[in-house]
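Just so you know, residue 1 is the first one in the sequence shown, and it goes up from there. Since the model is a prediction, treat every value here as computed from it, not as a measurement. Scope of the values below: all heavy atoms of this structure, side chains included, with no hydrogens, waters or symmetry mates.
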Amino acid sequence: MTIKAIRHKLQCAEKEISLDSPIVMGILNVTPDSFSDGGLFNHIDSALYQAEKMHSDGALIIDVGGESTRPGAGSVSAAEEMDRVIPIIEKICRELDVVISIDTSKASVMIEAAKAGAGMINDVNALRGIGALKAAQATGLPVCLMHMKGEPRTMQAKPEYKDVVAEVKDFLSQRVELCLQQGITKEQIIIDPGFGFGKTLAHNISLFKQLEEFNKLGCPILVGASRKTMIGQITGKEVDDRLAGSVTLAAMASLNGASILRVHDVAETVDAIKIAAALA
Ligand code: PT1
């Protein structure tokens, strides 16, 4: 286990999450066009079933997203996004004792999700959207700030950096600073280099190898690379055959300083990070 990782507690509304050791966030996509489980879980009961399974497999956070952000994805309206996520957040909150994270970039969705019982905000746009900084602050919830170059529809066209680690770190550092100015406390901020968001395989690998650099910002690190293209580029496997690649990457990220692993395959990842921690 890396010593330098930031390991304080997160206050997720009335629930507390300890980051003393790395934890798993399970992915619950409620978009009809989700990249790896598209359409399977867009009804409330199957969403609840999936959340229950991930929770019993050891996920401490369930990340609910109603807008796909995979490469090439287009955007949806706030109304459409709310129709997808709010009933599911309400249902999971009633039924399970788990922290729900809302994966959104829209201020109005953040506010409504918090009212529905969400305990964390995960924004791939790092609160750059209209009113998002203010909305996130108003909820009092922890926020995950992610780096993305460009926008999902076009971000993989030809991403270029002079120094990807320095640029991503500078961006996140500036976003953290703006959050602090807005009144969000440092203990409630999580950072994420944004694997696959406007990055080539070489960029992703540089960021991964130098993950510990991001600890210098003083915030816990979230890593989301589960089933992504970068795994396919290394292994040659299609999206449904990226389990072993994803689990290996998550275990290594946990040793490189990540505190939260955002994954599809919760049970396997929980075991892998336990093994990594025991042997480190
Ligand atoms: C992520 C993330 C996210 N990823 C956070 N939230 C997605 N905090 C959604 C591909 O290359 O990494 N961190 N929310 C999913 N987005 C992608 C991006 C899915 C790239 C697939 C790819 O295949």
Side-chain angles (χ1 to χ4, degrees), residues 1-10 17-29 35-37 50 53-63 70 98-99 101 103 120 122 144 146-147 164-165 168 190-197 199-217 219-280:
M1 190 81 43
T2 138
I3 297 128
K4 277 174 268 169
I6 313 301
R7 303 209 171 282
H8 55 61
K9 287 185 170 58
L10 297 173
I17 288 188
S18 163
L19 299 178
D20 281 347
S21 52
I23 64 162
V24 168
M25 167 191 267
I27 301 169
L28 185 61
N29 287 315
F35 79 105
S36 74
D37 48 13
Q50 173 81 346
K53 168 106 176 64
M54 292 195 289
H55 182 48
S56 66
D57 284 344
L60 298 191
I61 306 172
I62 307 289
D63 191 41
R70 76 187 193 286
V98 67
V99 170
S101 151
D103 188 345
M120 179 175 158
N122 173 28
C144 178
M146 198 198 77
H147 174 272
V164 67
V165 176
V168 172
I190 300 146
I191 54 172
D192 179 348
F195 289 99
F197 285 89
K199 283 133 192 145
T200 64
L201 175 61
H203 295 141
N204 288 320
I205 289 175
S206 294
L207 289 166
F208 191 89
K209 284 187 172 169
Q210 291 176 75
L211 204 57
E212 278 179 289
E213 268 299 300
F214 292 89
N215 278 322
K216 293 181 182 162
L217 299 186
C219 299
I221 300 170
L222 184 151
V223 164
S226 185
R227 300 185 190 173
K228 284 184 182 175
T229 305
M230 69 176 288
I231 312 267
Q233 287 167 326
I234 298 169
T235 62
K237 296 289 176 69
E238 290 304 320
V239 65
D240 289 332
D241 297 312
R242 295 178 187 165
L243 171 63
S246 299
V247 170
T248 305
L249 189 146
M252 291 190 68
S254 75
L255 297 177
N256 277 3
S259 294
I260 305 177
L261 290 318
R262 181 183 182 278
V263 304
H264 299 88
D265 305 289
V266 172
E268 293 86 349
T269 307
V270 167
D271 283 356
I273 64 179
K274 280 184 190 164
I275 297 291
L279 298 182

Exercise for the section: Find out whether Leu60 and Val98 are in side-chain contact, i.e. whether some heavy atom of one side chain is under 4.5 Å from a heavy atom of the other. Expected result: no
Exercise for the section: Report the distance from atom CZ of Arg227 to atom CD1 of Ile27, rounding to the nearest 0.5 Å. Expected result: 7.5 Å
Exercise for the section: Side-chain contact test, heavy atoms from C-beta onward, threshold under 4.5 Å: evaluate it for Pro193 versus Leu211 and give yes or no. Expected result: yes
Practice task
Starting at NZ of Lys228, measure out to CZ of Phe195 and round the result to the nearest 0.5 Å.
Solution key: 8.5 Å
Practice task
Of all the heavy-atom pairs spanning Leu255 and Ala280, show the shortest one and how long it is.
Solution key: CD2-CB, 3.6 Å
Exercise for the section: Give a yes or no answer on whether the side chain of Lys237 reaches the backbone of Ala244 with a donor-acceptor pair at less than 3.5 Å. Expected result: no
Problem - Test applied, side chain to side chain contact (heavy atoms under 4.5 Å, CB included); reference residue, Gln210; option that passes from Val164, Ile205, Val165 - result: Val165
Handout entry: Residue that, paired with Val266, satisfies side chain to side chain contact (heavy atoms under 4.5 Å, CB included) out of His55, Met54, Lys53
Key = Met54
Fill in the blank from the handout: Minimal heavy-atom distance between Asn256 and Glu212, with the atoms involved, is O-CG, 2.9 Å
Handout entry: Interatomic distance, Leu19 atom CG to Ile221 atom CD1 [nearest 0.5 angstrom]
Key = 11.5 Å
Problem - No-hydrogen, no-angle side-chain donor-acceptor test under 3.5 Å, His203 and Ser206 - result: no
Practice task
Say whether, by atom type as modelled, one donor and one acceptor occur between the side chain of Asp265 and the main chain of Val247 under 3.5 angstrom.
Solution key: no
Exercise for the section: Kindly compute the distance separating NE2 (His264) from CG (Leu243), expressed to the nearest 0.5 Å. Expected result: 11.5 Å
Practice task
Nearest 0.5 Å please: distance from the CE atom of Met120 over to the CD1 atom of Ile17.
Solution key: 7.5 Å
Handout entry: Met230 to Ala225 - nearest heavy-atom pair and separation
Key = SD-CB, 4.2 Å
Problem - Close side-chain approach of Ile190 and Cys219, heavy atoms under 4.5 Å - result: no
Fill in the blank from the handout: CE of Met252 to CG of Leu261, rounded to nearest 0.5 Å, is 12.5 Å
Problem - Minimum heavy-atom distance between Ile273 and Pro22, given as atom pair plus value - result: CD1-O, 3.5 Å
Problem - Note, Ser226 side chain near Arg262 side chain (heavy atom, < 4.5 Å) - result: no
Problem - Heavy-atom closest contact (Asp63 atom, Ser101 atom, distance) - result: OD1-OG, 2.6 Å
Practice task
Please check if the side chain of Thr235 supplies one atom and the backbone of Arg242 the other of a donor-acceptor pair under 3.5 Å.
Solution key: no
Practice task
Looking only at non-hydrogen atoms, find the nearest pair between Gly196 and Lys199 and report the distance.
Solution key: N-CD, 4.2 Å
Exercise for the section: Compare all side-chain heavy atoms of Leu10 with those of Ile260 and state whether any distance is below 4.5 angstrom. Expected result: yes
Problem - Stepwise side chain to side chain contact (heavy atoms under 4.5 Å, CB included) check, Asp57 with Val270 - result: CA-CA 8 Å; Asp57 284 344; Val270 167; 5.9 Å; no
